[in-house]
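So the structure is just underneath, and the comments pick up after that.
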Amino acid sequence: MFCLSKKVVRVRFAPSPTGYQHIGGARTALYDWLLAKKTGGTFILRIEDTDRNRLVPDAVEDIKNSLKWMGLDWDEGPDVGGEAGPYFQSERLDLYQNYAEDLVKKGKAYYCFCTPERLEEMRGKQELNNQPSGYDRHCRDLTWDQVEEYKAQGRKYVIRFKVPLQGKIEVKDELRGEMVFDHETLDDFVLLKSDGYPTYHLASVVDDHLMEISHVIRGEEWIVSTPRHFLLYQAFGWELPAFIHLPIFLSPDGKGKLSKRHGATSVREFREKGYLPEALVNFLLLLGWHPSTDQELFTLEEAAKVFSIERISTSPVSFSLDKLDWYNGLYIRKLSPEDLAKRCVPFLQKDGLLPDPCPREQLTYLTKIIPLVQERIKLLSEISKAVSYFLKEEISPPAKEVLIIKKGTAEETAAILKKIVETFSKLEDFSEETIEKSLRDVTEALGEKPGRVFMPVRISVTGETATPGLFELLAALGKPRVIHRLQQAIAVLEYA
RNA sequence: GGUCCCAUCGUCUAGCGGCCUAGGACACCGCCCUCUCACGGCGGAGACACGGGUUCGAUUCCCGUUGGGACUACCA
């Protein structure tokens, strides 16, 4: 049987597959993973699929993919197994049922035959009378005969925990210290649902015990449930793990917790928007945790060396994306051209700028132009706009108004461009250096300022006013396309 | 309504009684670099919610007020 020394750190990330991996959960998983790595402990992935009504079919895949994408590999769990399995709660049903029945036998839990309708009515009355909400313990004192009778009638039932009527329960959170809850404020919560599945309360307590979890790291929204869990540990006579409640993510506008209304909330969405896992991890790391230094940049490995639960903060965190964007730009600039090009390919394919699969020459060319735009994009998804005029053979000719130089006329502009076409045509070697020299020579010969000459060229060949440096841009584009696009622009100026 | 949590620049935060004329980062503004846009460099503005205590001394400790948030399901 499964047995380990109590000293070792065993942490679990226990998502419920009711949707795509939420960004808040991703941070929890990160902290779990870091604590495990820091201490040489074990990181466990456990799927809490006990709500069959809200089950999303591909959620488990998404959760696994999201964790892998972020670099958070698990030591025990789906796909990798482990001695404390199974790691899907739906495969542990008999366990929960036995433990629930056990509590009933000990008089610490009871069968409840109340119908959903009755409960709803009860709740309605409580709200109407401004009374505290909670189960009214209608079935708490059913006699054994009554229970047998109801069961014989085939009535559905749940198993509820019998919360002691008097007294207090002291709960400890590693970050916040002791918290005291009065039993009177706790109701007899459900342990086992009528479909035979456990509630979170039962399942998580049973599994955390059986899997010998040392630290329970979860969201702040669980604080109010913690006294119930302590009561359960007490009833079973089990040793408590340490509890760490992470501050929740608030919406950037400061109104309530982060929700779909405020943009991306799943890891998948951030990935699709063009965020790098390195950036997301770094951002999440510092959202609620701070090192004892001023260091802002961390790889997973670096973070794993210095991470500590004592330095996790307790106040709610506004999930503002500004810093994530900054991190993303930073990490994009740090990538090698080869790496960045590879990461951009899917985005370019999605936008129809590259075929799938991508031919070798195309990838080589992309790698060549990537450095020109690398410091100009903050999201991978911005790559298409940044390189479209490189990847397309033809661009739609710019409008006349945008081509015309400042305080100048169409004729003047066309004359400048013609002169440049003429100069470029004679160039044998269309390199950055020769381009720069000839362009500057033309500028001087015409008695113009650089800006007045460079800008119409830039717009002619790209259609944009904001681009990489002109000389490197032209060289990367190649002489034929440059001349063609310049002639196209001249035509617009003269005939449009 | 009830229970609980939280409270330093717009945001993330440092601070664990004197080092604070409150530090850093993002965002913002200005200047520089410059062919545009970025990148980069330099500089600027910007916070201890309020009221009581405790103390020689409070951003730091205690209480209250206010504000924000979470939970209040046979969901997690």
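Within every chain, numbering begins at 1; the chains are lettered A, B, ... in the order of the sequence lines, protein sequences first and strands thereafter.
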Round to a whole Å and report the spacing from [atom1] of [X] to [atom2] of [N].
X        : N      : atom1 : atom2 : result
A/Phe319 : B/rG69 : CZ    : C1'   : 17 Å
A/Arg311 : B/rA14 : CZ    : P     : 7 Å
A/Lys449 : B/rU34 : NZ    : P     : 14 Å
A/Gln89  : B/rC74 : CD    : P     : 18 Å
A/Glu472 : B/rA38 : CD    : C1'   : 11 Å
A/Leu446 : B/rC35 : CG    : P     : 17 Å
A/Lys168 : B/rU3  : NZ    : C1'   : 12 Å
A/Asp195 : B/rC75 : CG    : C1'   : 12 Å

Given [options], identify the nucleotide with an atom nearest to the side chain of [X].
X        : options                : value
A/Met179 : B/rU13, B/rC5, B/rG40  : B/rC5
A/Val317 : B/rU13, B/rA25, B/rC39 : B/rU13
A/Thr467 : B/rC74, B/rA76, B/rU36 : B/rU36
A/Ile248 : B/rC26, B/rG69, B/rA76 : B/rG69
A/Glu296 : B/rA76, B/rG24, B/rU13 : B/rG24
A/Arg160 : B/rA27, B/rC74, B/rG24 : B/rC74
A/Val190 : B/rC26, B/rC74, B/rU13 : B/rC74
A/Glu221 : B/rG24, B/rC26, B/rA70 : B/rA70
A/Phe454 : B/rG2, B/rU36, B/rC35  : B/rC35
A/Ser16  : B/rC37, B/rA7, B/rA76  : B/rA76

Residue-phosphate contact under 4.0 Å: [X] side-chain N/O, [N] OP1/OP2:
X        : N      : value
A/Ser313 : B/rU13 : yes
A/Lys378 : B/rA38 : no
A/Arg333 : B/rG40 : yes

Would you mind classifying the nucleic acid contact of [X] as base, sugar-phosphate or nothing, using non-hydrogen atoms under 4.0 angstrom?
X        : result
A/Pro17  : nothing
A/Cys114 : base
A/Pro15  : nothing
A/Pro247 : nothing

(request) Have a look at A/Phe161 and tell me which of A/Tyr110, A/Tyr99, A/Phe189, A/Phe230 forms a ring-ring contact (aromatic ring centres under 6.0 Å, His included) with it. (result)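 Only match with A/Phe161 under ring-ring contact (aromatic ring centres under 6.0 Å, His included): A/Phe189.
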
(request) Measure the spacing between OG1 of A/Thr265 and NE2 of A/His22 and express it to the nearest 0.5 Å. (result)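 That separation rounds to 4.5 Å.
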
(request) Find the distance between CG (A/Leu128) and CZ (A/Arg123) and round it off to the nearest 0.5 Å. (result)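 Taking CG in A/Leu128 and CZ in A/Arg123, the distance rounds to 15.0 Å.
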
(request) State whether A/Glu382 and A/Lys385 are salt-bridged, where the test is any N-O pair (Lys NZ or Arg NE/NH1/NH2 against Asp/Glu carboxylate O) under 4.0 Å. (result)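 No, no charged N to carboxylate O under 4.0 Å.
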
(request) State whether A/Tyr135 and A/Arg160 meet the cation-pi test: NZ (Lys) or CZ (Arg) under 6.0 Å from the six-membered ring centroid, and within 45° of the perpendicular axis. (result)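 Pair A/Arg160/A/Tyr135 counts as cation-pi.
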
(message) Can you see whether A/Tyr31 has A/Arg27 sitting over its ring - NZ or CZ less than 6.0 Å from the centre and within 45° of the normal?
(response)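 Yes.
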
Report yes if a donor N or O on one partner sits less than 3.5 Å from an acceptor N or O on the other, where the partners are the side chain of [X] and the base of [N]; otherwise report no.
X        : N      : value
A/Ser315 : B/rC6  : no
A/Arg176 : B/rC5  : no
A/Lys257 : B/rA70 : no
A/Arg376 : B/rC37 : yes

(request) State whether the number of non-hydrogen atoms from other residues, nucleotides or ligands found under 6.0 Å of A/Lys172 atom NZ is greater than 12. (result)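 It does not: A/Lys172 NZ has 12 such atoms or fewer within range.
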
